[in-house]
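First comes the structure, then the notes that go with it.
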Amino acid sequence: MSWGRISSAWLALAVADDALAARLLAIFIDELDEQVQQLNVDMLALERNPADAERLRGVFRVMHTLKGASRAAGLPAVEELCHVVETELSGIRGGVGAIDGTQIALLFKVADALEETRNDLRAGLPTPDATLAAVLHMARGRGLSAPLVRAPAKPTTPSPQPAVMAAPTAPTVEESARATGQIRVSLHQVDAIAGAAGEIAGLATTLSDRAADVAALRSRRRHLRGGAPDGGLDRELTQLLRCANEDARALAALSGRLGASARHLRQRPLGEITETLPRAARDVATVVEKQVRVTLVGGEIEADRAVLEALREPLLHIVRNAIDHGIERPEERVTAGKPAEGEVRIEGSLRGDRLRLAVSDDGHGLDLDAVRRGIQRRGRSASIDQDALALAIFDDGFSTRDTATTISGRGVGLAIVRAAAERMGGTASVTSHAGVGTTITLDVPVSVATMRVVLVDVGGVLLGIPSTFVVRAARADPRKLARADGRAMLVTKQAPIAVVSLAALLGAPFAEPAPAAMIQLVILENSGRTLAIVVDDLIDERELVLRPLEHAGPAATESIVGTALLSTGAVTLVLNVPALVAEGQGRSSAIAGMADEEGVRTRAPSRVLVVDDSITSRTLEQSVLSAAGYEVITAVDGAEAWRMLERQTVALVVSDVEMPHLDGFGLCERIRANPRTASLPVILVTSLDEPAQRARGLEAGADAYITKSSFDQDTLLDTVRMLIGRAAGQSR
């Protein structure tokens with residue numbers, strides 16, 4: 001044999017050797033992931049009950065398994081560490097001693113070192129030898145320095161059977177597949193399958209549309225021929241239509257099965273992200289000197305891998321926050337009649353195609369006074385509504401702490417939670433009861449691969465609104481919309497709803513719709529907040545395959561959760577409803593068709609009645625209206641105002657709410673109850689700015705509601721002109 005052939009054979013053997021080593025390393029990383037998690041579970045149980053022999057055996061088995069696996073993967077530092085720990089545990093199991101707090105603490109450090117090793121190996125980095133050596137040094141400090149006898153080193157000369165070929169104890173990928181019926185599939189391949197399913201669904205829709213086109217053509221042909229049928233051609237067309245419809249149904253069924261298979265491939269159990277939380281909770285509790293146990297429910301529930309990965313960090317933030325802010329110290333709990341040990345409960349459940357995750361603690365509940373102070377420190381006015389106050393904990397930069405610690409206080413944790421939920425088209429909410437505890441709930445879709453949306457037309461562009469946020473659709477007369485603080489409001493039996501044009505929310509290149517006799521509204525709801533958006537038209541509701549929006553910049557990704565391909569080949573943008581609702585709540589709005597200001601300016605000055613028990617407020621409003629050309633008369637309370645209305649005619653009433661004898665609500669109700677004044681426009685101007693009070697005013701019959709805290713003379717004048725103009729138009 002020539003030297004060339006020998007070299008070629010040895011090269012082929014070396015390449016095969018390298019491929020095997022890489023494959024064994026990949027298997028080891030996955031095995032290390034599972035074994036470290038099991039180690040944490042057993043260690044948490046041992047910390048509670050050091051005499052639990054079964055848990056001790058479990059830890060021993062993990063060390064023994066990893067020692068053999070790391071040898072096969074060629075990781076001597078990991079092998080050495082596992083050997084030393086295994087030796088120590090062997091002595092305890094043999095009755096030499098009992099496990100103590102120091103040993104338990106050491107085992108947690110071992111788990112951390114192994115986890116760091118896994119992360120580095122997965123990222124393609126070298127093993128953290130310094131960390132492993134430090135932990136090994138601590139382990140040997142226990143008096144265990146027995147040398148590890150390893151297998152002989154790999155020969156440096158060619159050998160038909162290299163040592164590394166005989167050493168593996170872990171099964172190969174093919175062996176694992178045969179034994180379990182499972183194989184590893186790239187996530188990109190799964191995404192490709194999901195994309196193909198979406199395209200097939202689009203083709204099915206297109207085929208169905210083509211069948212409808214053929215049917216229309218047949219009808220048109222009959223009409224052109226004067227209704228005289230061509231029997232043979234009609235039979236062929238009918239057969240063609242039947243086949244096309246059958247093919248469309250079969251294709252739709254196939255795409256459904258393919259899509260379901262792709263979604264199933266992407267799904268993983270919830271337990272994959274929740275099972276690491278007990279260990280994280282233990283570490284936080286140790287730092288803040290609290291006793292906490294974590295209860296996991298619903299770990300078997302499955303959801304899209306992308307959804308679970310997006311929830312991993314938010315869940316960690318919630319748990320850390322619950323322990324640091326919610327759970328009391330042991331002595332405080334005992335004094336309050338609670339067990340010294342607190343509980344954090346993480347419960348997953350399915351609600352249709354939605355995954356709901358509730359993280360509850362049995363601590364002292366939210367300190368709403370501290371939340372209020374935190375809001376005020378940021379220069380904002382704090383609502384007295386407790387539900388709205390509680391939601392402030394999700395605001396970016398919000399914290400009740402004056403100084404930051406390693407656990408919390410920087411004001412980013414819960415903001416990350418809400419942002420993560422909203423990016424997936426989900427929501428984050430909080431409920432709290434003093435002395436009982438707090439629950440933070442995340443509601444997200446089970447899969448971000450597909451989403452059911454309502455398609456709407458805005459300026460000739462199709463946009464998708466996730467159906468889960470759509471309460472209802474309605475048509476409304478813009479002239480009958482109420483007005484509050486310069487905002488258009490839709491008055492409903494429950495509460496008034498702010499109305500905003502979707503084009504205005506999205507900005508350029510979308511343009512405001514032209515005035516119309518009726519406008520199309522879509523009512524949205526998120527975390528207890530509602531918003532009515534104006535769209536040009538409703539198209540239909542569809543299940544779409546969602547694709548991420550890439551390279552579009554932060555402004556676009558804040559308002560859009562993804563894109564989808566329609567059966568026509570057009571691309572639609574799927575909107576981020578929570579972000580739109582939040583923006584719409586704080587934006588002033590005027591809907592085209594509400595006002596007829598030009599007509600108002602050409603008419604003679606109108607008489608306005610200003611009612612307020614404060615001479616300062618009364619004088620201010622009188623001055624503003626008089627300067628605008630209105631004739632103004634005044635009254636000091638609702639009772640005097642009603643007497644004036646019985647004697648003379650006015651075009652509009654501007655009234656305070658809190659007044660003696662007869663308040664603004666009562667005056668408004670009395671005006672509406674009298675046939676002579678029932679259509680008289682009424683504006684309430686008051687310092688009462690809570691949603692319930694605003695709703696009370698509009699329910700009493702007020703046409704507009706302006707709060708004194710945001711009083712602006714332009715807003716007042718615009719509202720007066722609009723209402724007087726509307727009243728004049730209705731009287732003509």
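In what follows, residues are counted from 1 in the order of the sequence shown.
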- Message: Main chain of Ala474, side chain of Gln520: is a donor-acceptor contact present, judged purely on distance under 3.5 Å?
- Response: yes
- Message: Would you say that Val685 contacts Thr719 through its side chain, given a criterion of any heavy-atom pair below 4.5 Å between the two side chains?
- Response: no
- Item | Flag, side chain of Ser432 to backbone of Leu366, donor-acceptor distance under 3.5 Å | yes
- Task: Return each pair, listed once, that meets salt bridge (charged side-chain N to carboxylate O under 4.0 Å, His left out) where at least one residue sits in residues 445-460; pairs must be two or more places apart or across chains.
- Result: Arg452-Glu541, Arg452-Glu543
- So which of Val610, Val611, Leu609 actually passes side chain to side chain contact (heavy atoms under 4.5 Å, CB included) with Ile633? Leu609
- Does the side chain to side chain contact (heavy atoms under 4.5 Å, CB included) test come out yes or no for Leu455 and Leu566, once each step is laid out? CA-CA 10 Å; Leu455 287 178; Leu566 302 180; 4.1 Å; yes
- Message: Could you measure the distance from the CZ atom of Arg351 to the OG1 atom of Thr468? Nearest 0.5 Å is fine.
- Response: 12.0 Å
- Would you confirm whether Arg607, through its side chain, and Thr649, through its main-chain N or O, come within 3.5 Å as a donor-acceptor pair? yes
- Residue pair Leu521 / Val534, side-chain heavy-atom distance below 4.5 Å: yes
- Query: For the side chain to side chain contact (heavy atoms under 4.5 Å, CB included) test, which of Leu524, Val471, Ile523 pairs with Ile497?
  - Reply: Ile523
- Message: Using a 3.5 Å distance criterion without hydrogens, assess whether the side chain of Arg618 forms a donor-acceptor pair with backbone atoms of Asp612.
- Response: yes
- Message: If you define the side chain from C-beta out and look only at heavy atoms, does anything of Leu645 sit under 4.5 Å from Asn674?
- Response: no
- Would you check if Leu350 and Leu355 make a side-chain contact, meaning some heavy-atom pair closer than 4.5 Å? yes
- Message: A side-chain contact here means heavy atoms from C-beta on lying under 4.5 Å apart; do Leu580 and Leu506 qualify?
- Response: yes
- Message: Between Thr427 (side chain only) and Asn526 (backbone N and O only), is there a donor and an acceptor less than 3.5 Å apart?
- Response: no
- Query: Distance from Ser606 atom OG to Leu652 atom CG, nearest 0.5 Å?
  - Reply: 8.5 Å
- Message: Using a 3.5 Å distance criterion without hydrogens, assess whether the side chain of Thr439 forms a donor-acceptor pair with backbone atoms of Thr431.
- Response: no
- Query: So, for Leu684 and Gly697, which heavy atoms are closest and what is the spacing to 0.1 Å?
  - Reply: CD1-CA, 3.8 Å
- Query: Are any side-chain N or O atoms of Asp536 and backbone N or O atoms of Gly459, one a donor and one an acceptor, separated by less than 3.5 Å?
  - Reply: yes
- Do Pro681 and Ile724 touch side chain to side chain, with heavy atoms closer than 4.5 Å? no
- Item | Pair Asp703 + Arg672, salt bridge at N-O below 4.0 Å | yes
- Query: Hey, are the side chains of Ile519 and Leu481 touching, using non-hydrogen atoms and a 4.5 Å cut-off?
  - Reply: yes
- Note: Glu669-Arg696 ion pair, threshold 4.0 Å (strictly below): yes
- Query: Can you find a pair of side-chain heavy atoms, one from Ile465 and one from Val453, that are under 4.5 Å apart?
  - Reply: no
- Message: With side chain to side chain contact (heavy atoms under 4.5 Å, CB included) as the criterion, how do Trp642 and Thr677 come out once you've worked through the C-alpha distance, each side chain's angles and the decisive distance to 0.1 Å?
- Response: CA-CA 10 Å; Trp642 179 248; Thr677 59; 4.0 Å; yes
